[in-house]
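Take a look at the structure set out below.
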2 protein chains.
Amino acid sequence: MPVWERPEPQPRAVPVPLSREKIAATAIRLADANGLDGLSLRKIAKELGVGPMRLYDYVINKSELLDLMVDVVYARIAEVGQRSGWRDTVLAVAHATRDAALDHEWFSDLLGGRPHLGPHALAVGEATAAALSAAPGVRDIDDLQRAVGALNAVIIGSVRREVTERRTARSTGTDEAAFQASLGPYLTRMLKTGRYPTVARLVIDGAHLNAEETFNHNLTTILDGITRERPA
Amino acid sequence: MPVWERPEPQPRAVPVPLSREKIAATAIRLADANGLDGLSLRKIAKELGVGPMRLYDYVINKSELLDLMVDVVYARIAEVGQRSGWRDTVLAVAHATRDAALDHEWFSDLLGGRPHLGPHALAVGEATAAALSAAPGVRDIDDLQRAVGALNAVIIGSVRREVTERRTARSTGTDEAAFQASLGPYLTRMLKTGRYPTVARLVIDGAHLNAEETFNHNLTTILDGITRERPA
DNA sequence: GTATTGGTGGATACATCGTACGGTAGGAAG
DNA sequence: CTTCCTACCGTACGATGTATCCACCAATAC
């Protein structure tokens, strides 16, 4: 039953040599261009020069197609392989995840929203878990489980946050003037009520921190937390 | 233009005394029952005994309605108010967010997926930012911005993760037998390939950690990281 | 060689969604 | 009383995911 190992059906004659890989690839391309909302089975089929129902010979559901797409991205993430130290490996996987999410923003919409159990997702999970199990402060399985959970939470949260910020920045226009024109009036008025002084300081005086540095900061913060010994 | 302060339109005669609050309330009730996918403007309208188009007198978009719903939830989160110490305040807000997401699972689908700029969302942001600005190790605005970002990332990631786990647990059935029947075969076979030894140990030997404790663990981990001094 | 049958691929059809649009009724003004 | 304008409301449209049905083709039986 599970998604990633259903047998590849063989087209009788070869009118269009379709495959799950090909379908997933064009779906990813369309999702990159138009977002998840702009993705539809009919558009994918049209892009492939096929009727919409042909896709159901290769894919049970739209959600199964999404699982397929997600695992293709994980395949790219898994390519980073193993580094010398546990920390370098964890950092490499985390950055690969972030890079993938920035290249495929729809990926961040799916991050944490469904269990990632595809073979490549499992490979990524294996790589990070194996690396973390070698970290100091991770003594038994419970420690490892907590460490994996904490790390994944930070990755998911940070990436989602960054992608959302990028989207609003793009929609409002990246320059300051356009921002002030769209969200500015409401937000400015809201902040001038004096009810949100700290938020106001953050918005007005806060420098625009570099996104990658912020991601690194979050990563090192939990990794340091994981590393530090805790009382049993 | 922004969502949360459009004037409340006044129905000419009072055929059905509709209001944005009432619409948001029934939308939340339906989303709690059927999830975000099961939520449609037509169902909301039918629930209110009104034609679908009436809702557009009070709401521009479906996405604006979602913003409204989100801010209603934030109103409940904001109720926790201020505690004695900065850490207690942060923990209270975080737990209130988690509780709200567990009560309204659709909320976690929207967490981090769009900017939360409603008045109550801003109030929550103000509360946490003000508390964090009093934390040791947070010296200037950049520190505060980093701290807020890291904390929010952990909250978003942890909550999303927990809700997703709860959903799959519910869909596969909560007991071990049903789990083995649905995901078990595939996952067991996958893990027996030997390609994912660490993940296998986690799944097989790993105890089911208490969800709230895990959340607390993640929180204390970043809070400790934020608190600890870093080299300038 | 012909008829039949089984299976497969594609097109049509359906329920549902968000939302645009045009008619209509009812109150205000002359 | 008539006329106009505004504000409400139902209908309609395009798009979606997916079930169903139909026609065609290949292989087999006679």
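Predicted model, so just to flag it, every value in this text is computed and none were measured.
In this structure, A:Glu213 does not pair ionically with B:Arg146, as no charged nitrogen and carboxylate oxygen lie closer than 4.0 Å. At a threshold of 4.0 Å, the pair B:Asp103-B:Arg76 counts as salt-bridged, since one of the basic side-chain nitrogens sits closer than that to a carboxylate oxygen.
In this structure, the CG atom of A:Leu66 is 10 Å from the P atom of D:dG17, given to the nearest Å. The CG atom of A:Leu65 sits 14 Å away from the C1' atom of D:dT18 (whole-angstrom rounding). In this structure, A:Leu39 atom CG and D:dG17 atom C1' are separated by 12 Å, rounded to whole Å. Distance NZ (B:Lys46) to C1' (C:dG18): 16 Å, rounded to an integer number of Å. The CG atom of B:Asp37 sits 11 Å away from the P atom of C:dC17 (whole-angstrom rounding). The OH atom of B:Tyr58 sits 14 Å away from the P atom of D:dA7 (whole-angstrom rounding). Separating the CG atom of A:Leu55 from the C1' atom of D:dG17 is a distance of 11 Å, rounded to the nearest angstrom. Note: CE (A:Met53) to P (D:dG17) measures 9 Å, nearest angstrom.
If you check C:dT12, D:dG10, D:dG17 against the side chain of A:Lys62, the one that comes closest is D:dG17. If you check C:dC17, D:dT18, C:dA20 against the side chain of B:Arg42, the one that comes closest is C:dC17. Comparing atom distances between the A:Leu41 side chain and each of C:dT12, C:dT19, D:dG17 picks out D:dG17 as nearest. Side-chain proximity of A:Asp57 to C:dT12, C:dG9, C:dC17: nearest is C:dG9. Considering only side-chain atoms of B:Arg54, the nucleotide from D:dG17, D:dC9, C:dT12 that sits closest is D:dC9.
Considering only side-chain N and O atoms, B:Ser40 lies nowhere under 4.0 angstrom from the phosphate OP1 or OP2 of C:dT16. OP1 or OP2 of D:dG17 has not a single side-chain nitrogen or oxygen of A:Asn61 nearer than 4.0 Å. Residue A:Lys43 has no polar side-chain atom (N or O) positioned under 4.0 Å from OP1 or OP2 of D:dA15.
Here the options are A:Val70, A:Leu102, A:Leu36, A:Val163, the test is side chain to side chain contact (heavy atoms under 4.5 Å, CB included), and the partner is A:Phe107; only A:Val70 passes.
More than 12 non-hydrogen atoms from other residues, nucleotides or ligands lie less than 6.0 angstrom from CG of B:Asn210.
There is a side-chain donor-acceptor pair under 3.5 Å between B:Thr198 and A:Glu126.
Using a 4.0 Å heavy-atom criterion, one finds that B:Ile44 contacts no nucleic acid atom at all.
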